[in-house]
Amino acid sequence: MKKDPLLAWTPAAVVFDCDGTLMDTERHWEHARELVRTRHELADDPEFPARTKGLHYTDCGRLLADSAGRPDLADRMARELLDAFTERVAEDPATAPGAVELVGMLGRFAPLAIASNCPRDVVEFCLGTAGLLDYFEHIVVPGDGVLPKPHPDPYASAARLLGAEPADSLAVEDSLCGIMSAARAGLRVIGVGPHPEGEEQALVDLWVSSLAEPELLTWAGTRIPRQTRGG
């Protein structure tokens, strides 16, 4: 990872995506999507995982139903997706590399929140299994007037709840859907995963291959803790 101006900055608040960013759960969504596709005898679509990564599960269910020519099955497919996903998470919860270390370091100098497209109980379960739940002051999910990513609502709401301006806040994301949400809300963004070649590249301030990047952890570990920061 090359040195970047972002690493000279100290955000006033940090908002994480959960699914696929802190938790290694994208493989569980892939399993759930394939299970639903097989159950309803849908044709294989190699591009479907990329198109639906980060989407709210109801949107994914709608796309599956549309591809089947059965829009009336959207709610049923969405519920099947969520049920299959939560079952796999319960069987095999796992944090992403570097997630525990980075969250612990960032929590020393900035308040933390989650902005997720998953239901609240799923987010809380995932973070609880990882021992991370207590680090986060707020969890923002769609509902009660909050539209799902890629709308800006989850990140805008999270920054507001943490008492920070979006421009002074940092988002940590792994999907284009989430990156668009954070950028539209006005947050600076760290993208996680393989370096992109498309739209993500223009929306992200810094890309890292994983949360375990040594330079990222060094940056987080050298910020001034909130309790000792002057002014």
Side-chain angles (χ1 to χ4, degrees), residues 1-9 11 14-35 37 44-57 59-60 63-64 81 85 88-89 92-103 105-106 112 114-118 122-123 126-127 130 132 148-152 154-155 169-185 187-221:
M1 182 175 65
K2 296 180 179 180
K3 288 186 179 298
D4 189 277
L6 185 77
L7 299 183
W9 175 60
V14 183
V15 186
F16 281 89
D17 170 57
C18 180
D19 186 39
T21 299
L22 291 176
M23 300 299 298
D24 181 19
T25 48
E26 179 56 29
R27 56 202 168 93
H28 297 331
W29 280 119
E30 291 177 2
H31 167 82
R33 289 189 292 258
E34 287 308 306
L35 184 67
R37 294 180 67 84
D44 185 45
D45 181 358
E47 296 182 358
F48 193 79
R51 288 195 291 116
T52 56
K53 183 178 180 181
L55 286 182
H56 194 264
Y57 73 96
D59 291 327
C60 187
L63 289 174
L64 282 167
L81 275 171
F85 172 75
R88 286 301 293 265
V89 170
D92 183 23
T95 55
V100 174
E101 295 83 354
L102 184 64
V103 168
M105 291 176 180
L106 292 178
L112 308 181
I114 292 288
S116 176
N117 266 355
C118 284
V122 174
V123 175
C126 287
L127 295 176
L132 294 175
K149 306 172 189 178
H151 294 281
Y155 278 101
S169 303
L170 175 67
V172 186
E173 262 288 354
D174 76 311
S175 71
L176 174 59
C177 178
I179 288 165
M180 292 173 65
S181 172
R184 289 170 176 174
L187 283 73
R188 299 179 75 177
V189 184
I190 289 179
V192 185
H195 198 282
E197 297 180 357
E199 187 175 358
E200 298 104 317
Q201 191 165 8
L203 298 175
V204 170
D205 296 275
L206 175 68
W207 273 98
V208 295
S209 61
S210 83
L211 299 181
E213 287 263 4
E215 195 168 0
L216 180 62
L217 294 176
T218 297
W219 166 76

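Any value given below was found using the heavy atoms of this structure, including those in side chains, with hydrogens, waters and symmetry copies removed.
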According to side chain to side chain donor-acceptor pair (under 3.5 Å), who are the partners of [X], at least two apart in sequence or on a separate chain?
| X | result |
| --- | --- |
| Thr21 | Asp17, Asp174 |
| His151 | none |
| Ser209 | Glu213 |
| Asp59 | none |

Check: How are the rings of His195 and Trp207 set to each other: parallel, tilted or perpendicular (split at 30° and 60°)?
Finding: tilted
Closest approach of [X] to [Y] (non-hydrogen atoms, all atoms of both residues):
| X | Y | value |
| --- | --- | --- |
| Leu132 | Val100 | CD2-CA, 4.0 Å |
| Phe85 | Val122 | CE2-CG1, 3.6 Å |
| Val204 | Gly191 | CG1-N, 3.5 Å |
| Pro154 | Ser181 | CD-OG, 3.9 Å |
| Val172 | Tyr155 | O-OH, 3.9 Å |
| Leu216 | Ser210 | CD2-O, 4.3 Å |

Notebook entry, point to check: Is any side-chain heavy atom of Leu217 closer than 4.5 Å to a side-chain heavy atom of Leu102?
Noted result: yes
Margin query: Taking the side chain as everything from C-beta on, heavy atoms only, tell me whether Thr52 gets closer than 4.5 Å to Leu63.
Written below: yes
[atom1]/[X] to [atom2]/[Y] distance, rounded to the nearest 0.5 angstrom?
| X | Y | atom1 | atom2 | answer |
| --- | --- | --- | --- | --- |
| Leu211 | Met105 | CG | CE | 12.0 Å |
| Leu203 | Leu176 | CG | CG | 7.0 Å |
| Phe16 | Leu22 | CZ | CG | 5.5 Å |
| Glu34 | Asp45 | CD | CG | 9.5 Å |

Item checked: Residues in salt bridge (Lys or Arg N to Asp or Glu O under 4.0 Å) contact with Arg184, at least two apart in sequence or another chain -> none
Under the rule for side chain to side chain contact (heavy atoms under 4.5 Å, CB included), what residues qualify as partners of [X], not counting sequence neighbours?
| X | result |
| --- | --- |
| Asp92 | Arg27, His28 |
| Ser169 | Ala13, Ala159, Ala164, Leu187 |
| Leu6 | Asp4, Trp9, Leu170, Arg188, Ile190, Asp205, Leu206 |
| Val123 | Cys18, Ile114, Ser116, Cys118, Leu127, Ile139, Val141 |

Margin query: Using the ring-ring contact (aromatic ring centres under 6.0 Å, His included) criterion, which residues pair with Phe48? Sequence neighbours excluded.
Written below: none
Notebook entry, point to check: Would you say the side-chain atoms of Asn117 pair up with the backbone N or O of Lys149, donor to acceptor, closer than 3.5 Å?
Noted result: yes
Next item on the list: Would you sort out whether Val192 and Glu173 count as a side chain to side chain contact (heavy atoms under 4.5 Å, CB included), showing the intermediate values?
Entry: CA-CA 6 Å; Val192 185; Glu173 262 288 354; over 6 Å; no
